[in-house]
Amino acid sequence: MSTFATNLTVDELKAEADRLFSRKRLMNFGLPALVLAYLVYVFFAFDVPGIAARANWDNGKTLVSDSYSYKTHIERDNRTGEVSAAIEGERKGAYPEGQAPDWVVLGETTVIDLEDGHVVRFGPETVEYDIPGYGTIRATPSRAAGVQAEFPSREVPDWINVSKNRLAVTTDAGRLTVTRNRSEVFRYFTGWELFWFTLDSPYYGKSFPELAGRAASGEMGAIFNDFWTNKMWRHQDVAWAIFETILMAFLGTLGAAMVALPLAFLATRNFNPMKSVRFATRRVFDFVRGVDALIWTVVLARAFGPGPLTGALAILVTDTGTFGKIFSEALENVDQKQIEGVQSTGANAPQRYRFGVIPQVTPVLLSQLLYFLESNTRSATVIGAITGGGIGLLLTQAIITQKDWEEVAYYIVLIILMVMLMDWFSGWLRKRLIQGETGKKRKPRDPNRKRFLLP
C-alpha cells in the first residue's frame, strides 16, 4: 500500500475519489457543452439563417449550368433589321454574315425553333414567342413608346419580366429579351463549343476519323496550328500562363531555400554562440513569415511593378522565414558525433558543415522543399491574379466578366491537373532523392552462389 493511501482515512479517500470523478465528469460533459454553445453562438452571430434566406439558388443553378454548357445568341438590331448569330455573343465566335445554325431560318421574318413547340419569330415590326401551354407573346419595340407587350392572359407569370422599355422571357427552352434597340434569343447547349476549332477554321465540325485522315495526309501541322491559335479558348496563352505559374512557384521556393539555409546556421545554438545574432536572425524569420504572401505581393508590386517575377519574389520572401525556422530546428538536432568524426580527419569548418552536417539534414530539407514547391503552385495561382501573371490572371478575368463560365471551369480543371502533376512529381522526386529508390527491384542473391576472392 502506498504512503499516500496510509496517511488518509477511508472517508478522506472516498472524498478524494469523488473529487476526481467530478472533475472527469466535468471534462467529459462540460467541454462538449462549451463547444456546442460556441457553435450555437457562431450560428447566430454570422447570421446563418439570414444567409440561407438571401441565397439566390437560381443564380447558382445558372452558374453551374454555364460551366458545362454554352449558349448561342441570335440577335436582331431593331433599328436596321439585321440579324446576327454568335457563340456566347462574342465577335470571335460569330457566324459569317448571312449564316446561322440549322435551327434558325433567316429571312424577312427570322424563325428560331427552340424545339418542343417553342418558336420565336423576328418579324419586320413585331417579335413573337409561341410557348406551349401558355400562348403567344407579342412585343413591338419602338424608340418613342418603348416596348409594347401583349400577353395571352392578364396574369403575368414569374418567368416573365416586363417593364416599359424591356421584356425578358425565360423558359427551359431558351431566353428572349426585347428592348428598344435590340431583340435577342439565346439557347443553351451542352458542351464547350469551339474548344478545338473556331468557325473560320476548315476543320470545324469535322469528326475525329476525318481529322485523323487529314493528319495522315500531311495536314497535322495545320490542324495543330488551328487548335493552338484558337481565338476563343486561347490554348497558347493558357499554356504559357500555366508555365508562368509553375515558374513562379519554382523560383520562389528554390530561392527561399538558398537564402534560408546559410541564415539558419546563424539562428542555431550549436553553430552560433552569439546570442544577440541568434535573436536578431530569428526575429527576421518571424517578421518575413508573419506577413502573408498576398501582402508581400501588393508591396512588391508597388516597388517592382506587376509580373511573374514579383510573384516569385513574394513567395521567396515569405518562405525564407518559414524555411529559416524549419532548417534551424533541423540543424539544432544534428548528431555531434558525426561532426566530430569528420573533424578528426583534419577537415576545416566548411568541410565539417559539408560532410558532417548537410548529409544529416538533407532528408528534412528536401522533404520540406518539395512539399512547399507543391503548395506554392497553388499559392502562385492566387498571387498571379494580383501581380498580373500566370493562370490566376486568366481565371480572375474570366470570373469578372461573368459571361463565359465554361472558361472558368476550364481554368479550374487545369489548375487541379497542375496541382496533381506537381504532387506526383514531388512524390517521385522525394522518393528518388531521399529514399534512393529507382523503382527497380533488386534480385535476391543466390545463397548457393560461391564468391571467389582474388589473392
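Fair warning: this is a prediction, and the values are worked out from it, not measured in the lab.
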Any donor-acceptor N/O pair, [X] side chain to [Y] backbone, under 3.5 Å:
{"X": "Thr320", "Y": "Leu316", "answer": "yes"}
{"X": "Arg282", "Y": "Ala267", "answer": "yes"}
{"X": "Ser379", "Y": "Asn376", "answer": "no"}

Does [X] [atom1] have over 12 foreign heavy atoms under 6.0 Å away?
{"X": "Phe43", "atom1": "CZ", "result": "yes"}
{"X": "Trp192", "atom1": "CH2", "result": "yes"}
{"X": "Phe250", "atom1": "CZ", "result": "no"}

Distance from [X] atom [atom1] to [Y] atom [atom2], nearest 0.5 Å?
{"X": "Asn230", "Y": "Asp226", "atom1": "CG", "atom2": "CG", "value": "9.0 Å"}
{"X": "Ile386", "Y": "Leu294", "atom1": "CD1", "atom2": "CG", "value": "4.5 Å"}
{"X": "Leu366", "Y": "Ser426", "atom1": "CG", "atom2": "OG", "value": "12.0 Å"}
{"X": "Thr310", "Y": "Ile315", "atom1": "OG1", "atom2": "CD1", "value": "11.5 Å"}

| Hey, what's the ring geometry for Phe189 with Tyr70, parallel, tilted or perpendicular (30° and 60° as the breaks)? | parallel
| note | The residue among Thr381, Leu414, Leu394 that forms side chain to side chain contact (heavy atoms under 4.5 Å, CB included) with Thr245 is Thr381
Centroid-to-centroid, [X] to [Y], below 6.0 Å?
{"X": "Phe372", "Y": "Phe323", "result": "yes"}
{"X": "Tyr410", "Y": "Phe195", "result": "yes"}
{"X": "Trp196", "Y": "Trp233", "result": "no"}

| So, do Ile416 and Val413 sit near enough that their side-chain heavy atoms are less than 4.5 Å apart? | no
| message | Assess the residue pair Thr377 and Glu374 against the criterion (side-chain hydrogen bond (donor to acceptor under 3.5 Å, both in side chains)); give the C-alpha distance rounded to whole Å, side-chain angles, the decisive distance to 0.1 Å, and a yes or no. | response | CA-CA 5 Å; Thr377 304; Glu374 172 196 341; over 6 Å; no
